[in-house]
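Report on the structure given below.
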Amino acid sequence: PNPAHLHKVYTSNSVLHIDSKSFHKGDSITVLDRGGAQLSGIISSVNTLQMNMQIHGKSGLHKITLASMRSGKSKLELVEAAPRDDKGKEEGSSSPNKEAEEEEGSKED
């Protein structure tokens, strides 16, 4: 593979870092592969070799290797959460679920 196409992918404290983005357990994500297939789900765990995700509407876990992310074979996109900078802080929001919590609070009235 051409080094220019490789992505910086690593884990730290169970957080997956891809280039300047961070992905945490519980984040809703969409995974795209080179063939155009798309999987949506929630990150259930991250380790030094792979990320496991629960696919919406299916039982069991789907494994995505860090090597496939590094090579660009698999691409992750955050869904329903504010993007995080490379320090793990969310941009423009103190909590990704803040709006949902506020909505739930207003429904109880």
Is a side-chain N or O of [X] found less than 3.5 angstrom from the main chain of [Y], in a donor-acceptor match?
{"X": "Asp27", "Y": "Ile29", "value": "no"}
{"X": "Asn13", "Y": "Val15", "value": "no"}
{"X": "Arg70", "Y": "His7", "value": "no"}
{"X": "Gln54", "Y": "Gly60", "value": "yes"}

Quiz prompt | salt bridge (charged side-chain N to carboxylate O under 4.0 Å, His left out) partners of Lys73, counting only residues at least two apart | solution = none
Less than 4.5 Å apart, side chain to side chain, heavy atoms only: is that true for [X] and [Y]?
{"X": "Met53", "Y": "Val31", "result": "yes"}
{"X": "Leu66", "Y": "Leu16", "result": "yes"}
{"X": "Lys25", "Y": "Ser14", "result": "no"}

Exercise. Apply the test side chain to side chain contact (heavy atoms under 4.5 Å, CB included) to residues Leu39 and His62: give CA-CA distance (whole Å), side-chain angles for both, the deciding distance (0.1 Å), then the verdict.
Key: CA-CA 9 Å; Leu39 295 172; His62 187 78; 3.3 Å; yes
Practice problem: Find out if a path of hydrophobic residues (ILVMFWY) with successive side-chain heavy-atom gaps under 4.5 Å connects Ile55 to Ile43. | Solution: yes
Quiz item: Do Ile42 and Met69 share a hydrophobic cluster (ILVMFWY, side-chain heavy atoms under 4.5 Å, transitive)?
Solution: no
Quiz prompt | Evaluation steps, side chain to side chain contact (heavy atoms under 4.5 Å, CB included), between Ile64 and Gln50 | solution = CA-CA 6 Å; Ile64 311 283; Gln50 67 192 26; over 6 Å; no
Looking just at side-chain N and O atoms, do [X] and [Y] make a donor-acceptor pair shorter than 3.5 Å?
{"X": "Ser40", "Y": "His56", "value": "no"}
{"X": "Thr11", "Y": "Thr48", "value": "no"}
{"X": "Asn52", "Y": "Ser44", "value": "no"}

Quiz prompt | Derivation and outcome, side chain to side chain contact (heavy atoms under 4.5 Å, CB included), residues Lys75 and Ile18 | solution = CA-CA 9 Å; Lys75 180 181 177 186; Ile18 302 175; over 6 Å; no
Quiz item: What are the two closest heavy atoms between Ser68 and Ser71, and how far apart are they?
Solution: O-OG, 3.2 Å
Exercise. State, to 0.1 Å, how close Leu76 and Met51 come at their nearest heavy-atom pair, and which atoms those are.
Key: CD2-SD, 3.7 Å
